[in-house]
Amino acid sequence: MSEHKGNTGKVNKVNLESSIDRVIWTSGTGCASAKVGVEVNTHFVGNNSDIKIEISDKSGKVFETVKSKIAGNFFYTQITVPEKAKDELYAEVKLSKLNLTKKSNCMYVYPAVEIKNLKWDKKEARRGDILKLTADVNNVYEGAEAEIQIWEHDSDGVHDLITKFPVIVKNKKIEADWEYEYHEDTDEIPTEEETEKGYNPPEYFFRVNIAGVSADSGLLEFKDWIEIYLLDDEGYPLADQEYILYMPDGSEKKGKLDNKGIARVDDVPPGKVTIEFPKVQSHEMVVPEGTEDAE
């Protein structure tokens, strides 16, 4: 607050001193290739004033220059930590029209985190499977916290996040168990005939995030199962009957019921399945709860 003494009823011009109050990194440490934020707070700097930020390391080498406008006496941007930055990184703010400059605090730079060999312990998942996820990591301290994200893959790139959870780095590795369940209605999966792109079963990948660096695993495919009960018109089992399954991927699978009129078929592509009994004129098919894929 400024104090003014003088006559009333008179226009008085007061000069307000502009200043750069604070330039800080949003993190005290950063690894090469990671995204890190820079915050700038100013005082009495007009909206849309030009701002320039030079990113340099301990040697003084400038790696990047950010040019933009400031508004509301606040500015924020993200930069990628240069791979060749040595030891420390600084952000120097320059408001040239106001002849103001201010340098940030030091952010310590570490070598780029390496995340590799991301693997599922299986190539296919079935309901209730406990899957082990593993990855090797380098340039991360023992006990560092990472995050695992499970995504359902979309061929158009609009992947769906299923879940995420923390994990600790131990002996340059991360390991986690995840129980697979398909929570949607498999009847809504388009069949080979219903989409121009062809049948696309649900597939999953996991992503590991550490210190702003991420990497993705390969794809895991979902395989389902179906169990069939075949009864006659009076409710008695029809034993040893042949059947044909018409799968959502356009394939067919033939088989035979047991002596109780029951069959379980594993490794079925998830989706709508049509069943035909070539030698039965009329029948009632009973599909147990949880296997509603059949028609």
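Just so it is clear, the values below take in all heavy atoms, side chains as well, and ignore hydrogens, waters and symmetry mates.
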Within the structure provided, determine whether [X] and [Y] are in side-chain contact (heavy-atom separation under 4.5 Å).
X      : Y      : result
Leu100 : Ser18  : yes
Ile275 : Ile226 : yes
Asp266 : Arg264 : yes
Gln241 : Ile228 : no
Tyr90  : Ser56  : yes

* Asked: Could you state the interatomic distance from CG (Leu238) to CG (Asp233), rounded to the nearest 0.5 Å?
  -> 8.5 Å
Do [X] and [Y] sit within salt-bridge range, that is, some charged N less than 4.0 Å from a carboxylate O?
X      : Y      : result
Asp224 : Arg127 : yes
Arg207 : Asp216 : yes
Asp156 : Lys197 : yes

* Asked: Do Tyr204 and Tyr180 have ring centroids that are under 6.0 Å from one another?
  -> yes
* Check each of Thr101, Ile70, Val40 against Val93 using the side chain to side chain contact (heavy atoms under 4.5 Å, CB included) test, and report the only one that passes. => Val40
* Asked: So does Glu181 have more than 12 non-hydrogen atoms from other groups sitting under 6.0 Å from CD?
  -> yes
* Under 4.5 Å between side-chain heavy atoms, hopping through other hydrophobics if needed: is there a path connecting Val268 to Leu220? -> no
* To do: Could you tell me how the ring of Trp178 sits relative to the ring of Trp120: parallel (under 30°), tilted (30 to 60°) or perpendicular (over 60°)?
  => tilted
* To do: For salt bridge (Lys or Arg N to Asp or Glu O under 4.0 Å), just list the numbers for Arg22 and Glu39, CA-CA rounded to whole Å, side-chain angles, deciding distance to a tenth of an Å, and then say yes or no.
  => CA-CA 8 Å; Arg22 189 174 70 156; Glu39 291 184 0; 3.7 Å; yes
* To do: Would you please test Leu89 and Trp25 for side chain to side chain contact (heavy atoms under 4.5 Å, CB included) and show each step?
  => CA-CA 9 Å; Leu89 207 62; Trp25 296 102; 3.9 Å; yes
* Asked: Stepwise, does the salt bridge (Lys or Arg N to Asp or Glu O under 4.0 Å) test hold for Lys102 with Asp21?
  -> CA-CA 8 Å; Lys102 190 176 184 68; Asp21 297 338; over 6 Å; no
